[in-house]
Every structure is written in C-alpha cells, then in structure tokens.
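Atom set for the values below is all heavy atoms of this structure, side chains included, hydrogens, waters and symmetry mates excluded.
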Amino acid sequence: MLKKEHVISWLSESFSVLEENRQYLTQLDTAIGDADHGNNMYRGFKKVNEQLPALEGKDIGAVLKAVAMTLISTVGGASGPLYGTFFLQAATKCTGKDELTPQEVSVMFKAGLQGVKMRGKAQPGDKTMIDVLEPATTTLSELVEKGEPLDIAIKEAVSVAMEKLKETIPMIAKKGRASYLGERSKGHQDPGATSSMFILEAFSKAIS
Amino acid sequence: MLKKEHVISWLSESFSVLEENRQYLTQLDTAIGDADHGNNMYRGFKKVNEQLPALEGKDIGAVLKAVAMTLISTVGGASGPLYGTFFLQAATKCTGKDELTPQEVSVMFKAGLQGVKMRGKAQPGDKTMIDVLEPATTTLSELVEKGEPLDIAIKEAVSVAMEKLKETIPMIAKKGRASYLGERSKGHQDPGATSSMFILEAFSKAIS
Amino acid sequence: MKKLINNPDDIIKEQLEGMQAAHPDLIKVNFEPYYITRAGGPVKGKVALISGGGSGHEPMHGGFVGHGMLHAACPGEVFTSPTPDQMHLAAKAADGGAGVLNIVKNYTGDVMNFEMAAELAMADGIKVQNIVIDDDIAVKDSLYTAGRRGVGSTVLIEKICGAASEEGYDLQSLSALCRTLNQNGRSMGMALTSCITPANGSPSFDIGDDEMEIGIGIHGEPGIQREKIKTVDEIAEMMTVSILEDAAYSRALKEWDFEKNEWVEREIVDEPFKKGDKVIAFVNSMGGTPVSELYGVYRKVAQVTEKFGVKIVRNLIGPYITALEMQGCSITLMKVDDSMIKLWDAPVKTPGLRWGV
Amino acid sequence: MKKLINNPDDIIKEQLEGMQAAHPDLIKVNFEPYYITRAGGPVKGKVALISGGGSGHEPMHGGFVGHGMLHAACPGEVFTSPTPDQMHLAAKAADGGAGVLNIVKNYTGDVMNFEMAAELAMADGIKVQNIVIDDDIAVKDSLYTAGRRGVGSTVLIEKICGAASEEGYDLQSLSALCRTLNQNGRSMGMALTSCITPANGSPSFDIGDDEMEIGIGIHGEPGIQREKIKTVDEIAEMMTVSILEDAAYSRALKEWDFEKNEWVEREIVDEPFKKGDKVIAFVNSMGGTPVSELYGVYRKVAQVTEKFGVKIVRNLIGPYITALEMQGCSITLMKVDDSMIKLWDAPVKTPGLRWGV
Ligand SMILES: Nc1ncnc2c1ncn2[C@@H]1O[C@H](COP(=O)(O)OP(=O)(O)O)[C@@H](O)[C@H]1O
Ligand SMILES: Nc1ncnc2c1ncn2[C@@H]1O[C@H](COP(=O)(O)OP(=O)(O)O)[C@@H](O)[C@H]1O
Ligand SMILES: [Mg+2]
Ligand SMILES: [Mg+2]
Ligand SMILES: [Mg+2]
Ligand SMILES: [Mg+2]
C-alpha cells in the first residue's frame, strides 16, 4: 500500500534529487535546448517542497492537485504544463484517498502519462520525457497486474526507464526546442526524460 | 640646397614609411589612445602620395600648402589639424621658391613646429609629437647655423629625435587622448611622436 | 559572465523594478506574479492585447505595453515561458469588457501555458482567443519539429494589432488581422556570438572566433547551421533571399472555436512573397550588435528586395526582440496592405517604441 | 573580429548608404565628403544645429538629424574626428540664414577640426559659434589632461537645443542654453568588454573575464581604473554617487568672440548638484549591453538620486551614444529647469530619437 506519507516523501525526495542535479539538467538542456530545464525543475520542486508541511493533513488526491498547481504556476516553459498536467491527471484518480493499492498506483501513473501525452502530443521516440514515462508506466502496471509488490515493480520500472533514458541519446528530437536542431540533436540525452527518471527514482526510494 | 624634387621624394618616402608602419602606429595608439593613428596617417599620406604627380610643376610653397590641405581634409583626429598646420605654416616660408638653402629649410621647420605648438598648446614633456619635432628642429637649426651641410644636420637631428622619441616612453601624457590615462600612460611610446620621427627620417632619406 | 546584474535569481524582479521606476506614466508592474499592464488601467470597450514569453528579449514584450500596442505583458524567467496564472491575472487586469487576444509565440511551452491560461480566463467569463505566431523560416518542417518559431513578426504584429484595438476592432476581427499578419510575415536570424543566461553563467553554445550560426532562434539555442563568418552582404543577401523565396508553408495551428467551445486545429498556409508586394522590413539586433551594423544589413536587404520586385514601404531598425547580449541580427519581411500601413503609422507610446504622440 | 561588415575600409560609406535607404524622409546623406542634413533642406530663419565626431557611436550623431534635433551631422572615420571640410560644407548646406551652432565634444581632434571649420565658414560669411561639451567626470583634471571628455550630455543637449532652435532661439541665446546645459550635466562610463575597431581587428584593450574598466570614454580607450567586476548595484551606486558628489569643476573653454573677432578662452564653472535639483537621468548602453540590464542600472540610479534629494523628472534609457559593440554603460545626470523640460518634451523626429510627432 502507498500511504500518503510515502507521497510526501516522494515529493521531498524529488526535490532533493532535482536540487542536486540542477546544473546537470541545465547542462543537458544547454546542448539541445535553452539552458533552463534544471532551473525550471528546481524552482518548481523547491516551491512544492516548501508546501509539504502544510499538505500533511490532506488526502493523496489533494496533495497531488496542490503539487500540480504549484508546478503549473512556478516551472514555466514546456516542462511546467507537462509535469503540472501529469500531477493534475494523477490527482483525479486519488481524490479522497489516504492510501493507494498497487493497482491504484498503476492507474495513477497511467492517468498522469495520458495527461502528458494529451498536452504535448509527443510519441515514444520523439526524444522527450515520454520516452521515460511511458515504458516505466507500462512496466509498473504489467508487474502490478502480475501481482508483484509495489516496491519490486517500481524498481523494475526504474531500471527499464534507465535503459530507455539512454536510448534518447541517439534519437532525433521531434518535439520541443530540441526538434529545431534536427540531426544535431543526436548524441545528447534528453533533459526532460532525465528529470522524469529522477522523479521515478525518488518514488522508488520513497517506498523502499 | 633642397630642391623641389627632394620635397616630392620626402613626401613619397613619408608615405612609404607610414604605410609600412600603419599597424605599428595603430598598435602604439591602441595602448594609450583609440587605435587609429596608423590608419589616420596612412589615409592622409596615401592621398598626398596620389597627388604628387600633379604637384611636380609647382613651387615648394605650393606643394607644401597642397599637402597641408590634403592632410587637413583626410586625416581627421588630432593629428590631422596638427600635421596640416605644420605643413601650412611651413608652406608660408617657401612661397614661390623652387629650392631652399639650409637656412631656409631650418626656417621652414621652425615655422611648422610653431604652427603645431600654437594649434595644440603642447609643451615638450607632454608626450606628444612636440617631443620629437622640437628637439629635431632645434638640432637642425643649430647645426645649420654652424654651417653644417643639410644632410649632415638632418641626420644628426634624426638621431637626437630618436633619443627623444624613446624618452616619451616613461612620460605621463598631458595632452591628447593619452592624457586621460594619467599614470597608466607611462611605459608606452607616443604614437604621434613616432609618426613625426618617421617623417623626419623620410626627409633625411630624401636628401641623401 | 559579463553582465550588469546582482544575483542572477533577482534579475527579473530588479529589472522590472527599474522599468517601473522609469515609466510610471506608461506601465504598472505587478510583482507577485509578474505582469505588466498599462498605467491607466484597462481600456473600456477595447479588446485587450496581451503577450508574454520568457524574459531576455527586451524590450519585447514588457517594453511594448502602452497606448497603441499591448495592454499587458507577462514576463517569464529568462528564456522560460511564463506560467498560466500570470497570464490569467494579466487577462483579468487588462480586460476592458471586449475580450482578450493573446499573442503567443510558437514555442511548446508558450503555447501550452497560454492555452491553460485562456481556459482559466474563459472560466471567469472573459472571452479569449490565442493566435500563434510562427514566422521563423529557418525551421523548415512542422511535421518533424515543434514548427516554426515565433520571432521578429511578433513585434510588428503587436504594433499593428495594438493600433487596430485602439481603432475598435472586435475580438474576431482583431484575431483575423493577427492571423493574416502572421501569414504575411517571415523572418530569419543569425548569431555571431552566443548569449549567456544569467542562471547558467556560461555561453549557451561554443562558437569559434571565425564562425557564425545561421538560423538561430532567440533563446541562445544553437542554430540550424554553423558556418565560417561571411561578409554582411553575403549574410544579408542569403537571409533576404531565403525569406523572399520561401515556398508556401502549411501547418495546423490551434485556436479556440467559440461555437464548438473547444480548441480546434486550423490548417493555415503562408503564401510566398511575390513581385509587387509591399512590405515592412524589420532589421533587428539580437542585443549585442550595434545599430551601425544593422544599417549595413539594411542596405543589402533594400537592394535584394528591390531586385526581387518587392517594395519596402516602412522599416524598423534596432534591438527590439533580443536574446540577452547575443551579437547577431534577424531580418523580417511582412507583406502589408494600405490599411495595415495606416495601423503601423498610428501613434504608439510605450517604453520601447514610440511615435506620433 | 565578430562584426556584420564587409571590407573595414567601406563601412562608413555602406552604413551611411543603409541609413539613407532607410530614412529618405528624414535625412539626406552627402558622400564626398560625408555629412548628413535634414531631408527638407536648410530651415529658413532658424539657427542650424550641427554636430559631428568619429563614427562608431551610432545613433549619435547622424541618427539625431531631423525635426527638433540636429540640422546636420559630420561622421568621421571610426573613432576619428571628422575633418574641417566636411564640417564647413555641412554648415553651408544647413545654414538657414540665422547662423550655425557647432556642438563639439571635447576631444583634441574634434575641437581643433571644428575650430578650423568655423573659421572657414565665417570666411564665407556664415555666423558660427562652437560650444564644447565636457561632461565626463572620470577625468578629474583639466590642467594635466586634455580636459573632461564630451560624452552622454551631448545627446541630451542635442535634443534640448534642437527644440530651442525650432522655437526660434537666435545664435546667441542658443549658444547660452547649450553652454548652460553643458555646465548642468555630468556623466560617467564603464565597460565590461573592449570594443574592436574594424580597421584594427582586435580588442582595443585586454580585459580579464572577471574585470571591468571604470571611467572609460567612448573610443575603446582604456578607462581610469581597472577593477574586479562588481554587482550592478555597486557599480551604479558608485557612478551615481560620483556624479552627485562631484565638486565644482572649473576650466577654460574656447568660444568665438563676435566683438573681438577671435577665439577667446572662457572660464567656465560647473556647480555641483544640490538637494532639490531636478534632473534628466540618462542611462546609456555602450552598444553591447541590452536594455534589460540598463533597467537594472536605472533602478539603482533612481534609488541613489532619491536618497540624495535630487528629483529625476525625465529619463532616457537605451543605446544612444555607443562605442561600437562594447558592453558597458554610462550614466548622465543633467540639471534642468521647467523651460528645459518643456524643450525636452517638444516633438522630435529623427532616425534615432522620436516622440510627439
Ligand atoms: N511536446 C512535448 N511532449 C513531452 N515532453 C516535451 C514536449 N516538449 C518538450 N518536452 C520535454 O520538455 C523538456 C524541456 O523542458 P524545459 O527546458 O523545462 O522547457 P523549454 O523547452 O520550454 O525550455 C524536453 O527535454 C522534453 O523532455
Ligand atoms: N595637443 C597636442 N599637441 C601636439 N600633439 C598632440 C596633441 N594632442 C595629441 N597629439 C598627438 O596626436 C597623436 C594622436 O593622433 P591620432 O591618434 O591620429 O588622433 P586622436 O588622438 O584624435 O585619435 C598623439 O600621439 C600625440 O602625439
Ligand atoms: Mg529548456
Ligand atoms: Mg588616435
Ligand atoms: Mg525555456
Ligand atoms: Mg581618434
């Protein structure tokens, strides 16, 4: 079972890892974007982190909705609405709940993923966060279907996602700023896929 | 005797040496000025050089006056009016003359020097072309007074001037752009004093 | 990093404080969140023209708030799209009862954020349309990219549509004008140096002393192509010819459908320039290139357009849509008819553009 | 060398061609020798206001020719004073019968060339006065230097005196106004980078990545002092305080004496600023600094002047007197009374400055 304390610690873990990797993400975005992704994610999750104490009494749906609104109003750029939508759609599946079964967690991730796809219209292979979020979600839900415990399922999802993250390196970007570079976007890991990876890792850490 | 052919060859020699040292003079002016002295002198004497064929029939006064007008209307900056005035005042002492005695040459240089001092109000020690023009003129006229032939006198004037030129290096500029640098103008040779030196050398070369 | 700033985290706030201190007669800056409106408050009965985008492109957009141009602007972090709440509050503050037209440069982030903002404002009962500007011909394809970027045309469109709003255009006709102007405008940019974002502190791309980037945007992103530096004549000719000979460009852009009450994709085609067209020519500095060099660029633009048979009827030359301190320029040509020229000539009084008043 | 130019030898000519192509309604460029007059020809009965100096400071001076500002401008080679023949012909072309006022920035070359030019014009029967502008407080001394340089005040003076000429001031009263404005204005400049003159091709001074030059002029010459880069607050405060606290400055400047018919030296004293003074604040980019950073500077200037008890009544912020692509800024404060403010507000229509018309 995923308790709301887990969700809170997922979010604070996410902030830690994004803070730690602020420069790294910006560096990735310098190569094929506009050098702001690390700062965008840092700004957003810093605000989320500051709000966590105030959220402790709330149910998971309310927490995720608050996170969504904070990200939408602080991150900006492409990643703001995308991550915002992820948490907003995820929240809709958790309204009023104080804990989630593994199946419900899987539903939550699927809803978030669908939100990002709906908003950004990216497909796997476009060199975006979808290249990490989609295979991770698929792996998670498959394993949960098979009855694997949540912590095992997410660990496996993270390791699949890690492979998929590396696979963004040779891709030619077709969405977002990196798409303007065409062939020159090859050879660089996607920043948004990388931040997604960090957030998944934070989730895994929070529940183990 | 200084013939008008000598004057023509002085001017074309001046152009050659200034063309050759265009970068060098600009470099000197980069250190303590605005990086244009070489180009200014090149632009002016190039125009003078182009006009020499048309001046061949004219007397020395007319030639020097034409040079003055050309320098005034092509050099610009501080050096334009200063060298222009040098030649303009020098010309007034040669009106109608096709050749000059050593005494007359000495008078011509003195008049030019007075013109520069009148226009620019610089004194020896101010780190300007005066630091070369004045000692050279004094040496020349002293030797000519003593009856030395012109080519000997000018050679000596050039070698005195060369020493004086080096003495501009430790000076603190008090006139022109270099004066803004105050103490920081120390350690650099004055560009205008250097171009004056080149013009004196050209004179010496022209008559030997 | 050679910049006149304090802590990089504070520059948006402090520079806006400077703007507010300098132009209290023209603009009012809101700080939490950031948006800039006209000093006089909303203009009753006129469509509010709003734009926004990442900071670092000044004077665009905040410098274009004022009579005859924008009613509000939303500055994001440097090179980062502003957020829907800023845009939503700006719409509320600027709406004079005749609705809001958001001028949105075509970047994934700007488009998504402005869509969310429009939805929020519509939920408040404000009529909102978003028109996307995508004039950068360096991006060839909209199928395999995020589509052409919104660059120089934006400035010209903000001026012309701003005048149209003053004239009393309603939301539908103002949107139509905006859409047509976007179809009529094409731009291309180049850089001699990279800019440095304050938060990053080092150049956004490395470039050799003898190199230039062709087809850059305005965010310090690398361009489409790296080349040895050429003469201004070669560069300006290449860019102008590329603009003049750019083929018809077709893509789908989202607009709000007030009948269906949802976003719909509109297939939009920009027709190529043709002989006899009248254009506004805009030669823009990326921030670090002085106006003297822009005149060198303009000289060639004028020669090439004349040879092509296109007539420059108005021009704008200077740093209006910049990328921090980047050296380089962009060229925009926008086809205009007499009514658009009249709107261009109409009085404008903003911190960044002023004439006639 | 990163510049949008062709052959360095041709840039003055080509950039002027670009200016002429861009602004045929405002200016007329003469090419041999170079000078720029108003498109409409001399203004009958009004004193012709003329300025000039080396090129590389655009939009000054050529960009300030037009209604309400200059009647003519003489561009020299880059950073090199123009020559007397240009100035003489410009005076002949611009004189409307009421005489000519030459606004001369205080550089040895400019002063000497403009003196020769005035003599030539007077020989033609044109009444000419030269007023020298020397507002750069970075130069402390006029005894051991060529005196304070003419910098930012020049732009403000050209605007105000231009309006006064339109108002019908005669040569004597216009000269008096010009002299007073020069006494009322003080400036200081700084650079983060060196510019590169096209003919030279390499930086005019070397400067470390973490260094700045304080007290620079506008010719790429080294400044008065080299320091580690500070924050914009520290820089702007230091410069503003230096200007506000600058003591009375006394020196002799040459003017033509119409009674004695010769140049006379006039002892001129600039009184220091005092509480209650009204000023125009001018924050200028040296060419490579974008307007966003200037607003950061302005913010501090406004704070410091307010604390000092000096009231900013008007401001001008942007790249108006530049040093090619140099990064850096200058600050000018000029004390003004109500009549000067009225002249400042009067309509101006030039390529580089425009309002009210
Ligand atoms: N249409 C899209 N769908 C999904 N993800 C996208 C899309 N466009 C961009 N991204 C993601 O956003 C990341 C960039 O985010 P960020 O740098 O914060 O925004 P911006 O591109 O506006 O500067 C990219 O690396 C990519 O993973
Ligand atoms: N008042 C003066 N009197 C004599 N020579 C001067 C004076 N001012 C400057 N100079 C000379 O002019 C030289 C600079 O000439 P140049 O670089 O061509 O002009 P500018 O200083 O206007 O750029 C200086 O090196 C100095 O020798
Ligand atoms: Mg980015
Ligand atoms: Mg010089
Ligand atoms: Mg961004
Ligand atoms: Mg010079």
Side-chain angles (χ1 to χ4, degrees), chain C residues 1-7 11 14-19 21-23 55-59 63 192-193 209 212 229 231-236 281 283 287-300 302-303 312 315 317-319 322 324-325 327-329 349 351-352 354-357, chain D residues 1-7 11 14-19 21-23 55-59 63 192-193 209 212 229 231-236 281 283 287-300 302-303 312 315 317-319 322 324-325 327-329 349 351-352 354-357:
Chain C
M1 177 171 47
K2 298 232 153 171
K3 287 182 192 297
L4 294 168
I5 58 171
N6 296 316
N7 186 330
I11 67 162
E14 292 175 350
Q15 291 174 356
L16 286 173
E17 285 172 1
M19 266 196 93
H23 310 292
S55 292
H57 309 302
E58 291 71 20
L192 293 167
T193 60
D209 272 352
M212 61 178 180
I229 292 186
T231 64
V232 67
D233 276 357
E234 291 169 302
I235 294 167
V283 175
T289 283
V291 72
S292 49
E293 294 179 31
L294 298 184
Y295 280 117
V297 175
Y298 184 81
R299 172 180 170 271
K300 197 63 193 180
Q303 289 171 2
I312 299 178
N315 60 61
I317 299 168
T322 58
L324 297 170
E325 79 287 16
Q327 278 183 277
C329 72
K349 187 173 179 182
R354 190 171 167 191
W355 58 69
V357 62
Chain D
M1 178 171 47
K2 298 231 152 172
K3 285 182 192 298
L4 294 168
I5 58 170
N6 296 316
N7 186 331
I11 67 162
E14 292 176 349
Q15 291 174 354
L16 286 174
E17 285 173 0
M19 266 194 94
H23 310 293
S55 292
H57 308 303
E58 291 70 21
L192 293 167
T193 60
D209 272 352
M212 61 177 180
I229 292 187
T231 64
V232 67
D233 275 359
E234 291 169 302
I235 295 167
V283 175
T289 283
V291 72
S292 50
E293 293 178 32
L294 298 184
Y295 281 117
V297 175
Y298 184 81
R299 172 180 170 271
K300 198 64 193 180
Q303 289 171 2
I312 299 179
N315 61 61
I317 299 167
T322 59
L324 296 170
E325 79 287 16
Q327 278 183 275
C329 72
K349 187 173 179 182
R354 189 171 167 191
W355 59 67
V357 64

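- If you measure heavy-atom distances from C:T322 to chain D, you find no contacts under 4.5 Å at all.
- Most heavy-atom pairs under 4.5 Å with chain C, from the set D:Q327, D:Q303, D:K3: that is D:K3.
- Of the listed residues (D:N7, D:V297, D:L16, D:D209), the one with the most heavy-atom contacts under 4.5 Å to chain C is D:D209.
- Both the backbone and the side chain of C:L4 come within less than 4.5 Å of a heavy atom of chain D.
- If you measure heavy-atom distances from C:Q15 to chain D, the contacts under 4.5 Å come from both the backbone and the side chain.
- No side-chain N or O of C:H23 forms a donor-acceptor pair with one of D:Y298 less than 3.5 Å apart.
- Contacts between C:V357 and chain D at a heavy-atom distance below 4.5 Å involve the backbone alone (N, CA, C, O).
- Heavy-atom pairs under 4.5 Å with chain C peak, among D:A22, D:G318, D:C329, at D:A22.
- Contact count against chain D (heavy-atom pairs under 4.5 Å) is highest for C:K2 among C:K2, C:E58, C:E325.
- At a 4.5 Å heavy-atom cutoff, the contact between C:D233 and chain D is made by backbone and side-chain atoms alike.
- Using a 4.5 Å cut-off between heavy atoms, D:E14 contacts chain C through both its backbone and its side chain.
- Among the candidates C:I11, C:V283, C:N6, the residue making the largest number of heavy-atom pairs closer than 4.5 Å to chain D is C:N6.
- Using a 4.5 Å cut-off between heavy atoms, D:N315 contacts chain C through its side chain alone, with no backbone atom that close.
- Note: C:W355 CH2 to D:R354 CZ = 7.0 Å, rounded to the nearest 0.5 Å.
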